[in-house]
Amino acid sequence: MRSSVSRLLPGDEPVAAKVPEITGLFWTIKILSTGMGEATADFLASVNLVLAAAVGLCGFATALWLQLRSRRYQASVYWFAVVMLAVFGTMAADGPPIGHVGSTVFYALVLAAVLWRWHRTEGTLSIHSIVTRRREHYYWTTVLATFALGTALGDLTADTLHLGYLASGLMFTAIIAVPAFARRWCGLGEVAAFWAAYVVTRPLGASFADWLGKPVHRHGLGLGDGVVSALATVVIVGLVAYAAHTRSDVQAPRLDPPAGTPGATEAAGTAGVAGL
C-alpha cells in the first residue's frame, strides 16, 4: 500500500517529496553549488562559447529530465539538477545585453511573477509541499529564476558598484543572516525567510568563487576558474555521497493538500523550513 504522500491527488500525478529537508548540510551544498556553477560557466566560456552553451543547455535539460522522471527524492539526482541549473543560470544572467542593473531588475520581476503564480495556483510556496508534478515544475522554475537573479546581483555589486569579489562575498555573508534574524526576532514567515536566503546563496557562493578564481589584476587570488570548479565539485560529490548514504536529508512523509481541497489553507500556514 502506498504512503500518504504518494496517493493519487486530484488532477495531478502522484510523487513523493522531491526536495531535501532544509538542514545545515543543505545550505552548505547549495552555496558550494553556486560557486561551482559560476566557476564552471566562466571556465567553459573562456575555452569556447559554443561549447559553454552546449554543455549548459544539454546539462540543464538532462538534469531536469532525470529529476522529473524520478518518483522520490534522490540526493545525487537532485543536486546534479541544482548544479546544472547553477551553470545554466549563470549563462542566462550573462546573456541579456541590458547591463547588470537591467538584468537584476528583469530577473527580480521574473522571480516575483513565478512566485505569485505558484502561490495563486497552489496556495503555498513551502518546499514541504512539493508532492505533485505541477508543484515540482513551479519549484524548478523558481530555482532557475533565483540563480539568474543571484548571478546578476553579484555582478552588480562586484563590477558595476566596484565592490570587488571579496567585499561582495563578505557583504552577502552578512545579508544571508538577515532572513534568519528576521524569522527569529521580527516574525518573518518561514517560507519567506527560506526563499530570501535561497536567493542570496547565489551571489554569496559566486562572489567567493570569483575571488578565488579570477586573476590578481581583477582583484582575485588567481587560482583559475577551472581549478575552483574542480575543487568545488570534489567537495560537493563528497557531501552528496554522505547525504545519500545517511539519508539524513530525506523529508519525513507528509501530505500538503493541493490548493482548493479541504485543509489546503491550514497546510499552507503551517508548512515550514526547519533548517533556516
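Since we're looking at a predicted model, the values are computed, not measured. FYI, side chains are in, hydrogens and waters are out, and symmetry mates aren't considered; it's all heavy atoms of this structure.
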Shared hydrophobic cluster, Val237 / Val83 (ILVMFWY, side-chain heavy atoms < 4.5 Å): no
Taking Arg218 first and then Asp210, would you say they form a salt bridge - that is, a charged N and a carboxylate O separated by under 4.0 Å? no
Could you check whether the rings of Tyr138 and Trp118 sit parallel, tilted or perpendicular, using 30° and 60° as the cut-offs? parallel
Reported CD1-to-CZ distance for the pair Ile22 and Phe194, which is rounded to 0.5 angstrom: 4.5 Å
CG-CG distance between Leu231 and Leu223, expressed to the nearest 0.5 angstrom: 7.5 Å
Nearest non-hydrogen partners of Thr40 and Ser229, listed with the distance: OG1-OG, 2.6 Å
Looking at every heavy atom in both Ala41 and Val87, which two are closest together, and how far apart are they? CB-O, 4.0 Å
Same apolar cluster (I L V M F W Y, side chains within < 4.5 Å links), Leu57/Phe147: yes
Closest approach of Lys30 and Arg202, non-hydrogen atoms and distance? NZ-N, 4.4 Å
Separation between CG of Leu166 and NZ of Lys214, rounded to the nearest 0.5 Å: 14.5 Å
Side-chain donor/acceptor of Thr34 to backbone N/O of Thr201, under 3.5 Å: yes
Which value, rounded to the nearest 0.5 Å, describes the distance between Thr146 atom OG1 and Tyr107 atom OH? 12.0 Å
Could you see if Leu239 belongs to whatever hydrophobic cluster contains Tyr73? Use Ile, Leu, Val, Met, Phe, Trp, Tyr and a side-chain cutoff under 4.5 Å. yes
When every non-hydrogen atom of His119 is compared with those of Leu125, the smallest separation belongs to N-CD2, 3.6 Å
Would you say the rings of Trp140 and Phe60 are close, in the sense that their centroids are separated by under 6.0 Å? no
Kindly assign one of parallel, tilted or perpendicular to the pair Trp185 and Phe181, based on the angle between their ring planes and the thresholds 30° and 60°. tilted
Would Thr173 and Leu204 count as a side-chain contact (heavy atoms from CB on, under 4.5 Å) if you check the C-alpha gap in whole Å, the side-chain angles of each, and the deciding distance to 0.1 Å? CA-CA 6 Å; Thr173 299; Leu204 170 60; 3.2 Å; yes
Working to the nearest 0.5 angstrom, can you tell me the gap between Thr157 OG1 and Ile175 CD1? 8.0 Å
Least distance between heavy atoms, Ala75 atom then Ala243 atom: CB-CB, 4.4 Å
Leu149 side, atom CG; Leu111 side, atom CG - distance, nearest 0.5 Å: 6.0 Å
Stepwise, does the side-chain contact (heavy atoms from CB on, under 4.5 Å) test hold for Glu136 with Val19? CA-CA 9 Å; Glu136 191 175 13; Val19 299; over 6 Å; no
Same apolar cluster: Val110 and Phe88, side chain cutoff 4.5 Å: yes
